[in-house]
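Let me begin by presenting the structure, written as structure tokens, before commenting on it.
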Amino acid sequence: MHDIYILGSGAMASLWASYLYPKQTLHFIQRTPSPDGLYRFTIEPQNKEIKGRSLSIQDIDTQIDYLILATKAYDAVDAMNSIKDKLAHNACVLLLQNGLGSQQAIAAGFPSIKLFACSSTEGAYKPNANTLIHAGKGINTIGPMNSVASPADLTGWLPKSHYEWRDDIDFVLWRKFMINCAINPLTVLYNCPNGDLIKHNDYTTHMHHLCEEIDLITKVRFPHINESAFDLAHKTCELTAKNFSSMLQDNRNGNPTEISFMTGYLIEQANTYNIPCPFNEALFNTLSQA
Ligand code: KPL
């Protein structure tokens, strides 16, 4: 049995907790820990109860060997900094953030920590703090974010049945990032579910323009890629037609969005390689001012 700390309270944090429980001892790091010191939730449709300790960062009195960092991308660096004094010098940390940029910033700041990133196609949401709905079965892909992280470091604490290992996680993350850049901001702009982007001609044309720029930048980063952003995004819109993207959900809930880790990071990459991306820039500016 391992002591696994989970920082973040969203659907992905809970989904990983459900994979680990009851084999491992779970510690949920929460801003406001429950008065009885326990956090519990039920995963549906399995109807299984998951429970673990509920504690704040200040309550942690041992060194953490295993951490799952499941915050939003914009909170990830601050979260790592706030917990760094509690981490063993060679701790294993699994990063579950959407988009790109936060994983790279953490990798730059924590060279001795064994850092792994996960890209997931699992579908899950939390209608309330104590219920997790596992809405769609997907795949978790995990790989190393730095040279001290190896697949052997995952043995024992992460269940093999719940992830696939890929050495080239950068590419896996980038492929999902292409899809997110093509879909998420447009669903906010047009205030629509994913499927509408391929139903309305003017939305689809807009997606085409974004995707042409995404492909130019992608070709520089990953010359071997044989898929286009538009094809990937189109397929995803078909498969998730009724879904509201994570960015639209954040926007509707009045929360900050992860646009800086999607379109924002894309623009940074475009600037690095001197590739113009006017459609993505215009979209970023429109949504950032909203
Ligand atoms: O990952 C997603 C998200 O909403 O963030 C997609 C693939 C767009 C599915 O909604």
Side-chain angles (χ1 to χ4, degrees), residues 8-16 69-76 95-103 117-127 132-142 163-164 166 169-200 203-204 206-208 210-211 214-215 218 225 227-266 280 283-284 287-288 290:
S9 56
M12 283 301 144
S14 297
L15 192 60
W16 273 92
L69 190 76
T71 64
K72 287 283 186 184
Y74 47 76
D75 284 331
L95 304 173
L96 300 186
Q97 283 63 43
N98 282 330
L100 283 174
S102 68
Q103 304 91 332
C118 175
S119 177
S120 182
T121 58
E122 286 271 52
Y125 63 94
K126 287 180 86 171
L132 173 72
I133 311 286
H134 192 185
K137 186 90 200 80
I139 294 168
N140 296 302
T141 308
I142 297 182
Y163 71 91
E164 289 174 358
R166 281 277 292 265
I169 194 69
D170 280 1
F171 177 66
V172 178
L173 291 169
W174 185 278
R175 196 173 168 277
K176 170 118 192 265
F177 165 79
M178 292 165 74
I179 297 169
N180 288 137
C181 288
I183 296 178
N184 295 35
L186 287 185
T187 60
V188 177
L189 186 73
Y190 297 121
N191 191 19
C192 67
N194 297 350
D196 281 18
L197 298 180
I198 54 170
K199 262 206 293 213
H200 296 262
Y203 300 179
T204 313
H206 198 168
M207 196 162 87
H208 245 299
L210 298 177
C211 286
I214 296 169
D215 284 340
T218 299
I225 193 163
E227 296 163 300
S228 74
F230 186 80
D231 287 350
L232 289 172
H234 196 283
K235 233 173 272 161
T236 306
C237 287
E238 281 171 355
L239 290 173
T240 62
K242 293 204 176 99
N243 291 12
F244 293 98
S245 78
S246 55
M247 198 182 283
L248 182 55
Q249 290 181 48
D250 287 338
N251 179 267
R252 286 187 174 176
N253 292 332
N255 293 326
T257 74
E258 296 179 311
I259 193 161
S260 296
F261 300 87
M262 295 177 182
T263 313
Y265 187 80
L266 183 81
N280 281 283
L283 183 58
F284 182 78
L287 296 184
S288 309

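Counting starts at 1 for both ligands and their atoms, in listed order. Hydrogens, waters and symmetry mates play no part in the numbers below; they use all other heavy atoms, side chains included.
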Item to check | Nearest neighbour in protein (non-hydrogen) for atom 4 (O) of ligand 1 | outcome: S246 N, 2.8 Å
Checklist entry - How far is atom 8 (C) of ligand 1 from its nearest protein heavy atom, and which residue and atom name does that atom have? => result N184 OD1, 3.2 Å
Next on the checklist: List ligand 1 atoms under 4.0 Å from S245, heavy atoms only on the residue side.
Outcome noted: 4 (O), 10 (O)
Checklist outcome for this item: Under 4.0 Å from one or more heavy atoms of T236, ligand 1 contributes atoms 7 (C)
Item to check | 4.0 Å heavy-atom contact, N180 with ligand 1 | outcome: yes
Checklist entry - Does some non-hydrogen atom of K176 fall short of 4.0 Å from ligand 1? => result yes
Item to check | Any donor-acceptor N or O pair under 3.5 Å, side chains Y190, H200 | outcome: no
Item to check | CG-NZ distance between N98 and K72, expressed to the nearest 0.5 angstrom | outcome: 6.5 Å
Checklist outcome for this item: Checking heavy atoms under 4.0 Å, the part of M247 that sits near ligand 1 is neither
Checklist outcome for this item: Quick look: N194 vs ligand 1, heavy-atom contacts under 4.0 Å, and the answer is side chain
Checklist entry - Looking only at heavy atoms, what is the nearest atom pair of A182 and I214, with distance? => result N-CD1, 4.0 Å
Checklist entry - Where is the tightest heavy-atom contact between C181 and L266, given as atom of each residue plus distance? => result SG-CB, 4.2 Å
Item to check | Close side-chain approach of N191 and R252, heavy atoms under 4.5 Å | outcome: yes
Item to check | Member of N184, N251, T263 meeting the side chain to side chain contact (heavy atoms under 4.5 Å, CB included) criterion with T257 | outcome: N251
